There are 2 protein chains.
Amino acid sequence: MSEAPVRRRSARGQGAALRGEVLRAAMDLLTETGQEDAVSLRAVAQRVGVSVPSIYLHFADKQALLDAVCEHVFEALDQALQAAALEGEDAFDGLRLQGVAYVHFALANPEHYRIVLMRKHEGERADLVMASSAFAHFVDSVAQCVEAGVLEGEPDQLAMRLWAAAHGLAALLVAKPYFPWPPLDELVDSVIRMAGIGLAATSRLGDDCTMADVVERLDRLRD
Amino acid sequence: MSEAPVRRRSARGQGAALRGEVLRAAMDLLTETGQEDAVSLRAVAQRVGVSVPSIYLHFADKQALLDAVCEHVFEALDQALQAAALEGEDAFDGLRLQGVAYVHFALANPEHYRIVLMRKHEGERADLVMASSAFAHFVDSVAQCVEAGVLEGEPDQLAMRLWAAAHGLAALLVAKPYFPWPPLDELVDSVIRMAGIGLAATSRLGDDCTMADVVERLDRLRD
DNA sequence: ACGCTAAGTTAGCGATGTTCAGTGAACGGC
DNA sequence: GCCGTTCACTGAACATCGCTAACTTAGCGT
């Protein structure tokens, strides 16, 4: 139960080395246990082979440690999205693939995703999302679709709407894993398409047309 | 600070009365403080004027108490959605209004919403969502749209997709209140319309058409 | 060898969820 | 009128949590 790795004290200038070890221990603990409250400072300290207060030499408090974890997660998410975007046949298809990749990322790292995006972040720590390049890159992708004429409007506003849809599915799947969901791939695909096509339609047809109006127009497309 | 209401012990057969008082105290504490961790068993007990272990006479553990709170919240949400549905001009418009009402409910009861829908519920406690009549009623509303020919497919599947979109926006607004959101009413309206119209389009045009395909068709509707 | 300081520890505080043994009042039976 | 049982509830304690203050140890320059 109790592995005491007997960590050697860092050399004189290398005090910051502990920071990296603590961070990695926290991330590993999170992925292994799969539940946030298993990541106690005592558990992290023991895994590193160090005493608890030593963590405070490099992180202001537990939340700061979790924030650092989140930063790493956001970078990984950013890379996943950028990789997905490149696979698309065109800009709009790239958007779709990013949506799918987004949900899959959340499913692959549920506890990380929860900490980053399902916790209440307020005040100074709130801009973690904005500070990440992931959101900025996604807005860029949306802007490409606007330039291509597929979407119309302000890219950041459009991006938020798509983000909401993707996050909704991701968050529900993470929070309610035992809900009787249909086969995942189908569900993800359908929700992402719904959002993409819905955004294209609403942004191009104007925001003031009624929903019934649009449905009527859809009828004419039937043939 | 410390109000000790000196609660009188319940009469012989009325032991269950305490359950109601504890439940109400927990709900009030949640709405007043606005943060979940302010609802400690000691805080609840003190507010009721009773000792801590007495709570365990009526709730298996703290989570059971929170579950009971959630049950009440779901009932209120159900009523809000049903009231909103009646305002719609038709079934599809009723769906839209339910979406708007859903997000507004979350914004009005952010901490309750978080506990119910943004926490991990697993195992036996997972069916809290399914057990609530709110979801069933919403599926009924979707079914009416299917019967009216506005949507096509299995109502419960369609309902999940709309739920995902609405929840996504609600969850983001609750979790990131300091994010630079655009004006709320516009945002909510646009996301709900995106989902509704997107679902109508994807369900009627078939799931296998490409997104670019649909966009091309939308172009023809321009005039 | 000495001193300074970086690097880390020991001990402890208050708060949390939870459990166990016990207490006092109300009721039924005799 | 007394007794035993049961109901409603309490006091004290445990383990764990985040966090802090005060202390110790190891390594560098001189």
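Lettering of chains follows the sequences in order, A, B, ..., and the numbering in each one begins at 1. Only a predicted model underlies this, so the values are computations on that prediction, with no experimental measurement involved. Just so you know, these numbers use all the heavy atoms, side chains as well, and skip hydrogens, waters and symmetry mates.
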Minimum-distance nucleotide to Ser40(A) side chain [options: dT20(D), dT19(C), dC17(D)]: dC17(D)
Gap between atoms CZ and P, on Phe59(A) and dG18(D) respectively (whole Å): 14 Å
Atom-pair distance (NZ on Lys62(B); C1' on dT16(D)), nearest Å: 14 Å
Test item: side-chain donor near acceptor, Gln98(B) and Ser141(B), under 3.5 Å: yes
Counterpart residues, side-chain hydrogen bond (donor to acceptor under 3.5 Å, both in side chains), relative to Ser51(A) (two or more places apart): Ser54(A)
Main-chain N/O of Ala64(A) paired to Asp61(A) side chain as donor or acceptor, under 3.5 Å: yes
Sidechain N-carboxylate O distance under 4.0 Å for Glu21(B), Arg47(B): no
Protein-nucleotide distance (Asp61(A), atom CG; dT20(D), atom C1'), rounded to Å: 13 Å
Rounded distance in Å - CZ (Arg19(A)) to P (dA6(C)): 18 Å
Side-chain ion pair, Arg119(B) and Glu36(B), N-O less than 4.0 Å: yes
Parallel, tilted or perpendicular: ring planes of His167(B) versus His167(A), cut at 30 and 60 degrees: parallel
Per-nucleotide protein contact string for nucleotides 7-13 of chain D (B base, S sugar-phosphate only, - none; heavy atom under 4.0 Å): SBBBBBB
Leu41(A) CG to dT20(D) P, straight-line distance once rounded to whole Å: 11 Å
Separation of dC17(D) P from Gln46(A) CD (nearest whole Å): 10 Å
Asp37(A) CG to dT18(C) C1', straight-line distance once rounded to whole Å: 15 Å
Value in whole Å for how far the C1' atom of dA7(C) lies from OH of Tyr56(A): 18 Å
